[in-house]
Amino acid sequence: MAGEDRFKQFDFHLRSLSSSARDSNFVTDPVSDPSLLNSVKSLCDLCRSEKSEDLIARVYPHLNRIFQRCLSSISQSQTSNGLLLLAILQFFLDFGDVVLHDADPNLRTFFKSCLSREFADPVVAEATLDFLNANKKKFSSSFPTLLPQFFPLLLKLIAWNGEKLEKAFRRVFPGLISQGSFLPLFPSIIDFPILVVALEKVEKSSGSLVGSSIASIQKSSAPEMLLALMDEAYTGSTIGDGGGDSESEDSSTMAVADPFFLELLKDENDGLAERHWASPAVAAALQAAVSTSMSDRLKQALRMTPRLLDMYTAIAIREVNDSLICALVPLLMARYSNLFPEKLFLYEVQKRILELMLAGFNRSPSFIALLKKPIVDRLGEAYDSPSKTELALQLCWAIGEHGGGGEAHKDAARELFESLELLLYENLSSSRVRLRESALGSDSAKSRKSSQSRLLCFVVTAIAKLATYHRELLPRARVSLTKVARSRISDARVWKRARDYLGLMNEPAICLSILGTCESPSKGMQKLGTVNWSEGGTKMISHLPFYLLGAQEGPPHDFSFMDVLPGS
């Protein structure tokens, strides 16, 4: 009896599908039948429970026709198509092998034609993320390029719908990363709050985002932008200039920044594009977003970005190959000081950018030699702004810690050493002026002097470490450190550190133990004078300082680390 009821339900829902699929009914809007979605879901459940290829084959043609008709009428539709199309796509994924249907074109069409219009609908957004999570294995095995292609659209979805969908989006996030999307995804993540600003500006100027394609807004605005740029070139007037009938200041600001915002608002990944941060209009638009009362949506984006960047970093270190990491590092350096200007956001994101950059250098120290040119450029910008000073400081640390790229990169190490020398001498000459300014009691001058002293300490240390690793640089390092040690006009911490390093250089073994770089365990070698503490329980070390062994009994060299160090 239960079986007969199921087949009656099947026939009923199939007739509903057949009626909706016929051209004579619902010509312009198949979704106008409120029972259609229920029929599709019920038929999918029956096909799944009965596991009958005959039932699947009978349902498939009707769903295929309804899917195509929904897409053809989507621009005129007054109701949402998203839920119905997702239900049909689920059927294609579940039973595509049975009916020999490749769902890839349907999935791409759904993203391009439907989700691009309905990503701002919270119901469709949640259903889309649930659909992607339910089919993660299918996407990774059968459609591995789909989500990486449409990651900008999915970022718009989560940017507009906020933290309530973050948990579901985080489960989808690893699927967005591929070789083709890894690099473009990074600027999209750190510009996540700016994406919210752009979406809110579009909503303010063009109305609700639900049911309208931003892609069409982009296309329609392109001719006006081109004409405005031509007018600026020939007449000298700026975009947004006009008489009394011109638009508000806010909309004219948006017009000037259009190329930057439109790059953010794209739906598909088209590679790593340059973002025009140098534009004064962009800076003005972002400053206006910070100085006025921020929307709840923007506040949520500011909180979500560091968490998304944490996921990106974890995947980068764990799964991405060296060539992509090497290509990412210059992008990290370029974007470190170009971020959404909100203090807490800047702190959180810049901290993570530095962690990712240093993790990349730690993973492959040769990156320092390969990226010598951008590193030298960043060292030359050390005093352009406080953020660039911090970046230069961290690069100095990495250069010294990893020996300028390693033993095989002596030429690169020499060039990096010369850049450190130049930075050191420039600082020594400017420190005289800064010392006099700070003596006048100016808070800003004292802050600059403190920042300069901190950078000098790192430069001095990097020079000493680099010369310890590449001993042919020792004579030049001694000259540099001697000049610092004799320059009593600078901060005492700086010249005392230089003096200490000069003393260490007279004891090569001790200097190597303190300033030498840590070799990678995979190389199977260890510098003389260094101690691998992790092997203390299994290896005997004969050159332990005698004062540590003073209380030990037994033969002179029959001691392990565990005899000297307290047990854990």
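For the residue pair Ser480 and Tyr425, a side-chain donor N or O sits within less than 3.5 Å of a side-chain acceptor on the partner. Under the 3.5 Å distance criterion, with hydrogens and angles disregarded, no donor-acceptor pair is assigned to the side chains of Ser181 and Asn269. Neither side chain, Ser453 nor Arg493, offers a donor N or O lying under 3.5 Å from an acceptor on the other. Checking Glu355 against Thr313 by side-chain atom types alone, no donor-acceptor pair falls below 3.5 Å.
A distance of 12.0 Å separates CD of Gln394 from OG1 of Thr389, quoted to the nearest 0.5 Å. Note: Ile315 CD1 to Asp310 CG = 11.0 Å, rounded to the nearest 0.5 Å.
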Do Lys373 and Asp377 pass the salt bridge (charged side-chain N to carboxylate O under 4.0 Å, His left out) test, and can you show the C-alpha distance, the side-chain angles, and the key distance before you say yes or no? CA-CA 6 Å; Lys373 177 64 167 61; Asp377 290 343; 2.8 Å; yes
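Ring-plane geometry between Tyr312 and Phe186 is classed as tilted, the angle between the planes lying from 30 to 60 degrees on a 0 to 90 degree scale.
Here the side chains of Arg307 and Met311 are not in contact, with every heavy-atom distance at 4.5 Å or above.
Of the residues Arg478, Arg414, Glu421, Glu418, the one that meets the side-chain contact (heavy atoms from CB on, under 4.5 Å) test with Leu473 is Arg414. Just one of Leu379, Val460, Ile463, Leu391 meets the side-chain contact (heavy atoms from CB on, under 4.5 Å) condition when paired with Cys396; it is Leu379.
Of the charged side-chain nitrogens involved, none lies within less than 4.0 Å of a carboxylate oxygen, so that Lys204 and Glu200 do not count as a salt-bridged pair.
At distances below 3.5 Å, at least one donor-acceptor pair connects side-chain atoms of Ser205 with backbone N or O atoms of Lys201. Although no hydrogens or angles enter the test, the distance criterion places a donor-acceptor pair under 3.5 Å between the side chain of Lys156 and the main chain of Leu265.
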